[in-house]
Amino acid sequence: MYKELEKFKVTNQFSFTIEDSLAEVCNASDGSGVFLVYAIGDSKELIMVGSTGTVQNNGTLKIKNGGLNEKIVEGHQFAKTGRKYSWPAQMKIEDITTLEVVWYETFNTDSKGIPTAVEGVILQNFFDENGRLPRWNVAF
């Protein structure tokens, strides 16, 4: 786990297989924050970092309907379609049997971590360690 995430107390995780419904297994909150996606196999590999929620210049949070849950399930990746469809397809292509998704609310009444800033720190640390981004992150 990245030490930057230890201070965020609203967190959980879930596993997802090709046979699962992402909408049914996703236990992410409607809050704002970051999520880390790991491919589980012989080892555990971080393959993606994402975030949702935008902090406005007056310090308030702008959040889309559904927050983290909506972003994980319906967010577009690999195609112009929600992850509930694109993740199983990509998992088949890459022969990934299980994903583990760990999510953190970074911006709420107790924490004020700007989601994209936290995402950036995690990605920077990964980049420093590996010389590249996680394979499902196209760019940052």
Side-chain angles (χ1 to χ4, degrees):
M1 180 170 98
Y2 289 94
K3 66 178 171 45
E4 296 81 12
L5 298 170
E6 292 174 358
K7 65 182 173 183
F8 303 115
K9 303 302 178 205
V10 181
T11 178
N12 209 331
Q13 66 185 51
F14 64 91
S15 294
F16 174 72
T17 67
I18 293 171
E19 293 80 28
D20 292 330
S21 160
L22 187 55
E24 289 177 14
V25 299
C26 180
N27 64 3
S29 74
D30 291 340
S32 289
V34 299
F35 59 98
L36 287 68
V37 181
Y38 296 90
I40 306 299
D42 293 337
S43 61
K44 181 175 173 177
E45 177 191 357
L46 179 64
I47 59 172
M48 188 193 145
V49 179
S51 69
T52 187
T54 305
V55 177
Q56 305 299 299
N57 67 354
N58 66 358
T60 62
L61 182 72
K62 180 180 178 184
I63 185 170
K64 293 182 178 178
N65 294 341
L68 284 161
N69 191 294
E70 179 81 7
K71 180 77 169 199
I72 292 168
V73 175
E74 299 292 344
H76 292 184
Q77 188 171 5
F78 305 118
K80 300 261 187 228
T81 185
R83 290 186 179 98
K84 63 184 175 185
Y85 303 116
S86 64
W87 276 5
Q90 191 67 25
M91 289 167 72
K92 285 179 187 171
I93 292 168
E94 296 186 30
D95 197 28
I96 298 171
T97 57
T98 305
L99 296 179
E100 180 181 287
V101 181
V102 184
W103 57 269
Y104 302 83
E105 275 190 25
T106 64
F107 198 97
N108 55 33
T109 56
D110 298 323
S111 302
K112 299 297 180 205
I114 299 170
T116 51
V118 176
E119 177 188 20
V121 169
I122 301 303
L123 287 171
Q124 183 66 57
N125 288 342
F126 185 94
F127 186 82
D128 290 346
E129 293 169 13
N130 300 281
R132 62 174 178 80
L133 293 177
R135 68 181 191 231
W136 284 12
N137 283 94
V138 185
F140 187 76

For this session: Answer yes or no: is there an ion pair linking Glu74 with Lys84, defined by an N-O contact shorter than 4.0 Å?
Result: yes
For this session: May I ask you to check whether over 12 heavy atoms, not counting those of Ile114, lie within 6.0 Å of atom CD1?
Result: no
Seminar exercise, completed: Glu24 meets the salt bridge (Lys or Arg N to Asp or Glu O under 4.0 Å) criterion, sequence neighbours left out, with none
Exercise. Taking Asn27 for the side chain and Gln13 for the main chain, is one N or O donor matched with an acceptor at less than 3.5 Å?
Worked result: yes
Exercise. With ILVMFWY side chains joined below 4.5 Å, transitively, what does Val138's cluster contain besides itself?
Worked result: none
Problem set entry | All pairs passing side chain to side chain donor-acceptor pair (under 3.5 Å) where residues 116-126 contributes a residue, at least two apart | Glu4-Asn125, Ser51-Glu119, Gln124-Asp128
Would you list the atom pairs, donor with acceptor, under 3.5 Å between side chains in residues 52-60 and any protein atom, with sequence neighbours excluded?
| unit_1 | atom_1 | unit_2 | atom_2 | d |
| --- | --- | --- | --- | --- |
| Asn58 | OD1 | Thr60 | N | 3.0 |
| Asn58 | OD1 | Thr60 | OG1 | 2.7 |

Exercise. What residues join Ile72 in its hydrophobic cluster, counting side-chain heavy atom gaps under 4.5 Å, either direct or through other members?
Worked result: Val10, Phe14, Phe16, Ile18, Leu22, Val25, Phe35, Val37, Ile47, Met48, Leu68, Val73, Phe78, Trp87, Met91, Ile96, Leu99, Val101, Trp103, Trp136
For this session: May I ask you to say whether Glu105 pairs ionically with Lys9, meaning some side-chain N is under 4.0 Å from a carboxylate O?
Result: no
Exercise. Mind checking what makes salt bridge (Lys or Arg N to Asp or Glu O under 4.0 Å) contact with Lys44, not counting sequence neighbours?
Worked result: Glu100
Exercise. To the nearest 0.5 Å, how far apart are CG in Leu123 and CG in Asn137?
Worked result: 5.0 Å
Exercise. Looking only at atom types and distance, does a side-chain atom of Asn69 sit under 3.5 Å from a main-chain N or O of Ala28, one as donor and one as acceptor?
Worked result: yes
Problem set entry | Thr98 side chain to Ile40 backbone, donor-acceptor under 3.5 Å | no
Problem set entry | Spatial distance of atom CG (Asn130) from atom CD (Glu45) [nearest 0.5 Å] | 8.5 Å
For this session: Look only at the side chain of Lys112 and the backbone of Asn108, and say whether a donor-acceptor pair between them is shorter than 3.5 Å.
Result: yes
For this session: Find the distance between NZ (Lys71) and SG (Cys26) and round it off to the nearest 0.5 Å.
Result: 13.0 Å
For this session: Return yes if some donor-acceptor pair links the side-chain N/O of Arg83 with the main-chain N/O of Pro88 below 3.5 Å, else return no.
Result: no
Exercise. What pair of heavy atoms forms the shortest contact from Val49 to Pro134, and how long is it?
Worked result: CG2-CG, 4.5 Å
Exercise. Can you tell me if NZ on Lys7 sees more than 12 non-hydrogen neighbours from other groups inside 6.0 Å?
Worked result: no
